Amino acid sequence: MLPLAPLTSPPASEAVLLQQAQRLAGYSLGELAALAGLPIPPDLRRDKGWTGVLLELWLGASAGSKPEQDFAALGVELKTIPIDSAGRPLETTFVCVAPLTGNTGITWESSHVRHKLKRVLWIPVEGDRAIPLADRRVGAPLIWSPDEEEDRQLRLDWEELMDMIVLGQVERITARHGEVLQLRPKAANSKALTEAIGARGEPILTLPRGFYLKKNFTGALLARHFLLNT
DNA sequence: ATTTGATCATTT
DNA sequence: AAATGATCAAAT
């Protein structure tokens with residue numbers, strides 16, 4: 001029996017990646033952090049991305065903030081997703097930053113959103129704030145690609161949102177736009193600004209935005225896999 | 001300033 | 001109670 005240890009290099013195949021992810025199921029974040037020698041924060045208030053970094057470490061992802069897929073050689077993106085006791089998502093899922101300028105010629109097929117979501121390794125983690133961070137357990141992983149219907153839903157929302165961005169309506173977009181994909185601020189704070197297109201086609205400064213998967217979408221894909229009720 | 005990793009906390 | 005808008009940290 002091999003001792004449980006983090007992968008020190010990127011997995012050679014999707015099968016190896018999935019196998020390692022499956023071995024982590026059932027362990028608590030405290031156990032995995034201790035085995036990896038990673039300090040555990042008291043909570044996630046000042047370390048929102050800590051769980052993601054811990055799982056990246058265990059799965060041999062190129063940790064850090066490089067603008068690539070987590071497993072570039074495999075074409076796989078890693079996403080941890082906080083779930084409640086019924087297996088339903090507690091939070092939306094960040095996909096990528098939305099390009100607010102230079103969008104001429106971009107289509108759904110060539111979009112960052114579609115590329116990021118082409119193949120995703122989802123790792124559910126208990127996220128109820130009543131559970132101490134160290135005691136939260138890792139769930140069974142799910143390797144996923146959008147099916148036809150999911151791709152269609154994503155495309156329709158993406159097209160609506162991108163149309164508004166291109167037409168200078170970015171500041172009229174709220175999180176209520178989109179059925180499964182929404183656009184929300186993605187910034188250090190409300191003072192961080194980036195360039196966008198204004199209503200008259202002029203350059204403006206606005207909050208950086210990101211695309212997020214809504215909980216109905218991620219909840220359904222988890223449910224479909226684990227045969228849970230939504 | 002922007003990318004990565006996301007969750008927080010106020011509003012509805 | 002749920003969702004929206006705001007925010008935190010590290011790396012580049």
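Note on naming: letters A, B, ... go to the chains in the order of the sequence lines (proteins, then strands), and numbering restarts at 1 for each one. Computed over heavy atoms, backbone and side chain alike; hydrogens, waters and symmetry mates excluded. Predicted model only: the values in this text are computed from it and were never measured.
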Would you check if there is a donor-acceptor pair between the side chains of [Y] and [X] at a distance under 3.5 Å?
X	Y	value
A:Arg119	A:Ser145	yes
A:Glu171	A:Thr206	yes
A:Arg184	A:Thr92	yes

With the side chain defined as heavy atoms from C-beta on, A:Lys79 is closest, among B:dA6, C:dC8, C:dT4, to B:dA6
Q. With respect to the side chain of A:Arg129, which nucleotide from B:dA9, B:dG5, C:dA6 is positioned closest?
A.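 Between B:dA9, B:dG5, C:dA6, the one nearest the side chain of A:Arg129 would be B:dA9.
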Within the 4.0 Å heavy-atom criterion, would you say [X] contacts the bases, only the backbone, or no part of the nucleic acid?
X	value
A:Gly49	base
A:Glu195	nothing
A:Leu90	nothing
A:Ala187	base
A:Pro208	nothing

The salt bridge (Lys or Arg N to Asp or Glu O under 4.0 Å) partners of A:Glu109 (sequence neighbours excluded) come to A:Arg114
Send over the distance from [X] [atom1] to [N] [atom2], rounded to a whole Å.
X	N	atom1	atom2	result
A:Leu207	B:dA1	CG	P	12 Å
A:Glu68	B:dT4	CD	C1'	11 Å
A:Asp128	C:dA1	CG	C1'	13 Å

Under a 4.0 Å heavy-atom cutoff, the residues of residues 165-185 of chain A touching DNA chain C are A:Thr174, A:Ala175, A:Arg176, A:Gln182, A:Arg184, A:Pro185
- Query: Quick one, which residues of residues 92-124 of chain A touch DNA chain B with a heavy atom under 4.0 Å?
  - Reply: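 A:Thr92, A:Phe94, A:Val97, A:Lys116 - these, ordered by number, are the residues of the stretch whose heavy atoms sit under 4.0 Å from the strand.
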| said: Whether the side chain of A:Lys186 and the base of B:dG5 hold a donor-acceptor pair under 3.5 Å is what I'd like checked. | reply: yes
Looking only at N and O atoms, is any donor in the side chain of A:Tyr212 or the base of B:dA6 less than 3.5 Å from an acceptor on the other one?
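Side chain to base: pair found, below 3.5 Å.
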Test salt bridge (charged side-chain N to carboxylate O under 4.0 Å, His left out), reference A:Arg152, set A:Glu150, A:Glu149, A:Glu148, output is A:Glu149
Legend entry - Within one Ile-Leu-Val-Met-Phe-Trp-Tyr cluster: A:Leu100 and A:Leu207, side-chain cutoff 4.5 Å: no
*Counting only heavy atoms not in A:Glu179, do more than 12 sit closer than 6.0 Å to its CD atom?*
no
